[in-house]
2 protein chains.
Amino acid sequence: MNKRGRPRDFDYTSIVDVAMKTFWSKGYNGCSTHDLCSDTGLGKGSLYNTFGSKQDLYLAVVEHYHETGIREQRALLESPGSVKERLHNFLAWALVEDFESTNPKGCLLINAGLERAKDDPKIEEIVSRHVELLKQTMETVMEEGLRTGEISKKRSAVDLASLFLSSYYGFRVLNTSTQNRTLAEQIMNGTMESIFGA
Amino acid sequence: MNKRGRPRDFDYTSIVDVAMKTFWSKGYNGCSTHDLCSDTGLGKGSLYNTFGSKQDLYLAVVEHYHETGIREQRALLESPGSVKERLHNFLAWALVEDFESTNPKGCLLINAGLERAKDDPKIEEIVSRHVELLKQTMETVMEEGLRTGEISKKRSAVDLASLFLSSYYGFRVLNTSTQNRTLAEQIMNGTMESIFGA
DNA sequence: TTATTATTGTAACAATCGGTACAAAAATAA
DNA sequence: TTATTTTTGTACCGATTGTTACAATAATAA
């Protein structure tokens, strides 16, 4: 009595994954439902029957990006190794994302926040949630650094995490809009030094 | 022999100024030429006769934002007072922009960079130029701080400026997309402490 | 005045926008 | 098989997109 009717011949999350790349590289307003159909291979019928609207699909995409992204970021920050190594690896990962990907498109969450948070409260909610989780993870790392003495005490974990968080997002924004590798390396240096000293 | 023909009955730069607000709050792809006409009060004839295309008008807008913005930012960073005061005033100014403006829309240059730099090389050029000028101004300030001892030596002016630059842009991005005042103040604290100590 | 030149508003352009209607297709439950 | 339910592709919707055509308007140069 449950699964009557023609089954869909595509996988939900892999369609979200493809749509993610389309939205990611063109932006919400910059891509059309036709773009989404041709990239995913779905017809409009299936697209709208499954996701409801462009806005709802975007929501699913941003949520998916958040979930996979926060997992990846936590893995980097909670990996074995010194605090210094972990923070450096985190920035190095972002550097690769922003420069060595086939077509660099920065952080989708930032794009979504700037383009849509004002118009779509659900987008703002996801972005806020992601930022909060990432910041808490960074705080835990900073606490560890302070405890072990890797970070010379004097500053609170909250302040350290807030600094690292903002510098990280500025890093990504500057990488995406200027594609300046020299600047990127200077930011990495400046950020690491500001936490661990020269 | 020079100025024959009907003169235009509007001022070029004040139209650019109005169009700036439209692009600023809706984004490039998010606003239409109709929006621009109704906001500026111009007809399509005048709009296209004067600016050529939506893309060219956007270019003029971003260039105008850069020019007025870099002047304001330099004035803050080169004002009399201690280095610490000036850097704090700079962040405080951004805070007001992002939270107390009638409708907060963040930094237009960031939006332009993220939305259009990849598609329009001229936009990337303006953003890169702006960032470079701002960074150089920050470097000069950091040099002064290092010289007078306000900033305890050990780090280079370049690294200090790069850190402050990235943290500033992250600050603005997070303010715009999350509207989280508590976070904003923590970032201000963390950033100032990272340069001057707790 | 008259000729010239630029600006103005309006109408229209083909193309595309997000979204819907709907019948054909394809599966299961009975 | 037959009845039921869902998905699929296609055709289509009115509205809007960026842009152009053009005649009317309004100024100066002669």
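A, B, ... follow the sequence lines: proteins, then strands. Residue 1 opens every chain. Reckoned from all heavy atoms, side chains included, excluding hydrogens, waters and symmetry mates.
- For the segment residues 10-35 of chain A, the set of residues with a heavy atom within less than 4.0 Å of an atom of DNA chain C comprises A:C31, A:S32, A:T33, in numerical order.
- In this structure, A:K105 fails the cation-pi test against A:F23, since its NZ or CZ atom is not both closer than 6.0 Å to the six-membered ring centre and inside 45 degrees of the ring normal.
- Only A:G43, A:K44, A:G45, A:S46, listed by number, bring a heavy atom of residues 37-46 of chain A to less than 4.0 angstrom from any atom of DNA chain D.
- Contact of B:R6 with C:dT8 (side chain to base): no donor-acceptor pair of N or O atoms is detected under 3.5 Å.
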### Query
Would B:Y65 and B:Y58 satisfy ring-ring contact (aromatic ring centres under 6.0 Å, His included), going step by step from the backbone distance to the final call?
CA-CA 10 Å; B:Y65 182 87; B:Y58 190 67; over 10 Å; no
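- In this structure, the CD atom of B:Q55 is 15 Å from the C1' atom of D:dT17, given to the nearest Å.
- Within the 4.5 Å cutoff, no side-chain heavy atoms of B:I110 are placed close to those of A:S177.
- The distance between atom CZ of A:F51 and atom P of D:dT7, rounded to the nearest whole Å, is 12 Å.
- Taking the six-membered ring for Trp and the full ring otherwise, the centers of A:F164 and A:Y169 sit at least 6.0 Å from each other.
- In this structure, A:N49 atom CG and C:dT20 atom P are separated by 12 Å, rounded to whole Å.
- Atom CZ in A:R8 sits roughly 15 Å away from atom C1' in C:dA26 (whole-Å rounding).
- Closest heavy-atom contact between B:A184 and B:N175: CB-OD1, 3.4 Å.
- The distance from atom OH of A:Y48 to atom P of C:dC17 is 11 Å, rounded to the nearest whole Å.
- Between A:D98 and A:R172 there is a salt bridge, since a side-chain N of the basic residue sits under 4.0 Å from a carboxylate O of the acidic one.
- Rounded to whole Å, the distance from NZ on B:K54 to P on D:dG18 is 4 Å.
- Rounded to whole Å, atom C1' of C:dG9 lies 17 Å from atom CG of B:L36.
- By the 6.0 Å contact criterion, NE2 on B:H88 is open, its count of non-hydrogen atoms from other residues, nucleotides or ligands being 12 or less.
- The minimum heavy-atom distance between A:L47 and A:C37, with the atom names listed, is CG-SG, 4.0 Å.
- Side chains of A:T191 and A:S167: a donor on one and an acceptor on the other come within 3.5 Å.
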